[in-house]
Amino acid sequence: MSTDGKTKLVLGYGTCGIAAGAAAVKEALESELATGKYDAYLDIAGCMGFCFREPIVEVTQADGKSVVYGDLTAKRVPQLLEALAAGEVIEDWVVRRSDDPDAGEGDFLSNQHRIVLRNCGNINPESIEEYIATGGYDAARKVLNSMTPEEAIDEVGMSGIRGRGGAGFPTGTKWGFARKAKGDQKYLVCNADEGDPGAFMDRSVLEGDPHSVIEGMIIAGYAIGATQAYIYCRAEYPLALKRLDIAIAACHEMGFLGKGIFGTDWDFDIRIKKGAGAFVCGEETALIASIEGKRGMPRPRPPFPANEGLWGKPTNINNVETLAAIPWIIAKGGDKYASVGTEKSKGTKVFCLAGKVRRSGLAEVPMGYTLRQVIFDVGGGVREGKEFKAVQMGGPSGGCLPASLLDTLVDYDAITATGAIMGSGGMIVADSSTCMVDLARYFLSFTQEESCGKCVPCRIGTKRMLEILTRICAGEGEAEDMERLEVLAADIKAGSLCALGGTAPNPVLTTLKYFRDEYEDHILRGKCTAGVCPALITLRIREDICTGCGACAKVCPVEAISGEKKEPHSIDADTCIRCKLCLSRCPEEAIYAE
Amino acid sequence: MNDAACQCKQRFADPDDLAPLEEILERYSGERGALIPLLQDAQEAYGYLDERVMRALAREAGYQLSQVYGVATFYTQFRLEPIGEHLIRVCHGTACHVAGAELISEEISNLLGIKDGQTTPDMKFTVESVMCVGACSLSPIMIVDDDTHGKLKPANIRRIIKKYRGGGGETEE
């Protein structure tokens with residue numbers, strides 16, 4: 001993009017950047033630039049994906065060369081600008097350099113294939129002009145002016161894209177159902193109720209490139225014959241909601257939304273509905289109930305929403321990531337999209353790398369990559385050089401996969417075959433300090449809490465499973481508990497009304513399958529090898545490391561720690577309640593759990 | 001520009017004063033399925049959903065009280081109790097859980113003497129556990145009012161809380 005002969009500074013200004021302190025950096029940059037000393041200007045963008053080095057600034061020179069700097073603070077701003085003025089690069093802060101792809105963390109991006117995230121971090125999400133300058137809204141204009149709805153559906157069908165919300169249903173086919181459904185009014189809904197703990201790709205797309213989602217919706221609405229659309233977005237995403245508001249208002253001004261859009265006689269409008277916090281509302285029929293102002297409870301299908309959805313009318317629901325890919329598919333062609341990926345899983349998938357992975361952030365990779373490539377080549381492997389233990393995919397509906405399955409392909413069918421699911425894109429990496437039984441318990445406590453309570457297998461089944469897992473973690477597990485969990489899991493999967501219950505046992509089943517020894521350690525040997533479950537650990541102090549600073553003794557709520565000043569301390573195991581507060585306070589890391 | 005900050009920090013309306021509610025009802029009059037936004041706006045005006053407000057809302061907007069109460073208790077966003085001056089939200093998403101969110105919550109409980117979902121007797125702090133706020137790379141995280149504090153260690157919590165405590169209202173330990 002042209003920089004008008006000036007140096008352009010783009011600050012990553014998504015939720016992750018702001019949380020890391022981007023607001024203070026922005027203020028510092030603005031006040032320094034206002035002095036007029038520097039031939040540079042500032043713009044903002046959404047998340048660039050390098051969440052692990054936020055706050056981030058990309059500096060683009062007039063000649064097009066760019067450097068991405070990370071770990072910025074307000075204090076570092078003057079030094080950064082001085083270096084710019086002197087034409088120098090501060091190597092220590094470099095995340096990526098356009099003239100040296102191997103510098104810094106450059107391979108984080110070069111190992112990705114960005115279609116959905118094509119604009120995230122590159123354009124100002126609050127400027128429709130910047131989106132248009134990238135070719136934005138050309139696809140919608142083309143579809144509305146020169147294609148029939150059927151042709152648009154065929155193009156999307158040809159791309160092979162499958163629903164990115166988790167279920168993986170072919171989008172073209174889904175549109176076809178809604179197109180054929182009879183009704184005087186049809187609705188389109190964008191599902192932005194990203195409730196999966198550990199998944200934030202939809203939020204990043206809405207914050208970083210809201211127009212791509214809106215353009216995808218315009219195309220989808222025209223294809224199925226819907227004139228009214230809704231974006232159902234979590235209220236917990238205030239910045240995404242704000243940027244959507246700005247984007248929708250700009251579209252009205254440009255004639256891209258409203259009556260007779262793009263100079264045609266087609267009317268199309270979008271309203272935002274704020275979700276009120278219920279994981280089950282990611283399920284289509286529950287989401288519809290919620291838009292109707294009711295409790296978000298699913299209902300049996302059929303009838304499917306394509307025939308009887310919102311207010312009984314034909315309704316098509318697509319996920320944010322799916323819709324954001326649509327303009328690209330129309331612009332470049334379905335066959336181009338289908339040329340990326342595997343036989344049955346086409347295109348790319350955005351993952352949120354988090355947990356013990358070295359580079360946590362947004363990674364969009366072609367289908368057909370191995371999990372190893374995603375976690376090690378893009379994600380940089382496990383933090384602090386520790387050993388990889390497991391990757392959790394698909395959140396509470398997904399599963400935990402061990403190192404032996406790292407060569408599994410990112411492909412709907414290949415991942416489903418392992419017992420996990422592709423899911424919406426959460427990818428949490430675990431190392432030896434993560435207890436797999438505790439992780440399974442964590443997910444069950446989530447699904448049990450989020451179960452809407454309508455059907456018995458889910459409401460009571462998840463509760464019973466959670467009780468069993470809780471007692472295993474508390475050191476009170478019984479030898480038969482593993483089998484009990486498996487029996488309950490099978491019943492819940494078979495009998496639940498919706499996918500929440502149908503997938504809730506997955507984290508337990510996969511950990512039982514791949515990490516059974518940890519369950520046995522807890523139940524039969526009274527050990528939690530990861531040192532997580534309080535009832536099964538003993539806290540000790542390494543005498544050779546302890547300096548006797550007394551920080552641990554000071555925080556111990558039960559006065560279990562004793563020792564002379566400047567002499568190694570010790571913990572009385574009988575008094576200790578294993579709350580681990582001491583462990584978190586020790587400056588020497590002399591306290592360990594075993 | 002002040003992106004993350006919300007403007008709702010003025011004193012909340014008194015549940016006996018129904019004027020703000022009237023205004024909200026006006027905003028959504030004639031709109032289909034508006035119960036959730038009605039409750040969201042009411043909560044923003046009053047800080048929580050008081051029984052008086054829910055009763056008036058049901059009466060004026062033509063809902064059964066059971067419908068209103070049903071929706072208010074179904075969604076985690078809605079609160080039926082007033083909150084303290086500062087709202088501390090501790091993230092318990094997967095990444096935060098793996099990074100030790102449990103210890104953060106415990107430390108806060110120890111310092112303030114209240115559990116998840118409770119408010120200190122002096123109405124200074126309310127503590128809530130929340131699901132993923134989507135800033136996983138900074139885990140473990142807590143959000144106090146509108147400020148996100150990331151990469152937390154239990155040892156930092158006291159200093160952060162002190163910042164918000166200001167002058168009076170000592171409840172510490």
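Numbered from 1 within each chain, the chains take letters A, B, ... in sequence-line order.
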Where does [X] contact chain B at under 4.5 Å (heavy atoms): side chain, backbone, both or neither?
X	result
A:Ala23	neither
A:Arg234	side chain
A:Leu353	neither
A:Cys281	side chain
A:Lys273	side chain
A:Val357	neither
A:Arg383	neither
A:Cys352	neither
A:Phe279	neither
A:Arg295	both

Do you know which of [options] has the most heavy-atom pairs with chain B at a distance under 4.5 angstrom?
options	answer
A:Thr15, A:Thr434, A:Leu583, A:Leu581	A:Leu581
A:Gly17, A:Ala278, A:Ala19	A:Ala19
A:Lys274, A:Glu30, A:Glu236	A:Lys274
A:Cys47, A:Gly198, A:Ala551, A:Cys16	A:Gly198
A:Gly293, A:Ala276, A:Ala354	A:Ala276
A:Ser290, A:Ser584, A:Ala20	A:Ser290

Check the pair A:Asp438 / A:Arg441 against salt bridge (charged side-chain N to carboxylate O under 4.0 Å, His left out), numbers first and verdict last. CA-CA 5 Å; A:Asp438 174 72; A:Arg441 184 196 59 79; 2.9 Å; yes
The side-chain hydrogen bond (donor to acceptor under 3.5 Å, both in side chains) partner of B:Glu128 among B:Arg89, B:Arg79, B:His92 is B:Arg79
Any chance you could measure B:Tyr75, atom OH, to B:Gln40, atom CD, to the nearest 0.5 Å?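 So the gap between those two atoms works out to 9.5 Å.
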For A:Ile18 and A:Leu239: C-alpha separation, side-chain torsions, deciding distance, then whether side-chain contact (heavy atoms from CB on, under 4.5 Å) applies. CA-CA 10 Å; A:Ile18 295 170; A:Leu239 188 58; 3.8 Å; yes
Any carboxylate oxygen within less than 4.0 angstrom of a Lys/Arg side-chain nitrogen, looking at B:Lys124 and B:Asp122? no
Are B:Glu22 and B:Arg27 ion-paired here, with the side-chain N under 4.0 Å from a carboxylate O?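 B:Arg27 and B:Glu22: not salt-bridged.
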Region of B:Val98 in contact with chain A, defined by heavy-atom distances below 4.5 Å: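 Contact with chain A: backbone and side chain both.
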Counting only non-hydrogen atoms closer than 4.5 Å, does B:Gln43 touch chain A with its backbone (N, CA, C, O), its side chain (CB onward), both, or neither? neither
Any side-chain heavy-atom pair of [X] and [Y] under 4.5 Å:
X	Y	answer
B:Leu57	B:Leu39	yes
B:Thr119	B:Ile114	no
B:Phe125	B:Glu85	no

Can you tell which of [options] has the highest number of heavy-atom pairs within less than 4.5 Å of chain A?
options	value
B:Ile143, B:Val71, B:Leu38, B:Val133	B:Val71
B:Ala135, B:Gly70, B:Gly150	B:Gly70
B:Leu103, B:Thr94, B:Thr73	B:Thr94

Would you please classify the geometry between the B:His149 ring and the B:Tyr164 ring as parallel, tilted or perpendicular, with 30° and 60° separating the classes?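 Ring orientation of B:Tyr164 relative to B:His149: perpendicular.
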With ring centroids as reference points, do B:Tyr48 and B:Phe12 lie under 6.0 angstrom apart?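 No.
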Quick one, A:Tyr237 with A:Glu194, criterion side-chain hydrogen bond (donor to acceptor under 3.5 Å, both in side chains). Give me CA distance, side-chain angles, the key distance, then yes/no. CA-CA 10 Å; A:Tyr237 288 171; A:Glu194 187 170 56; 2.8 Å; yes
If you look at every heavy atom in B:Ser105 and B:Val90, which pair is closest and at what distance? OG-CG1, 3.6 Å
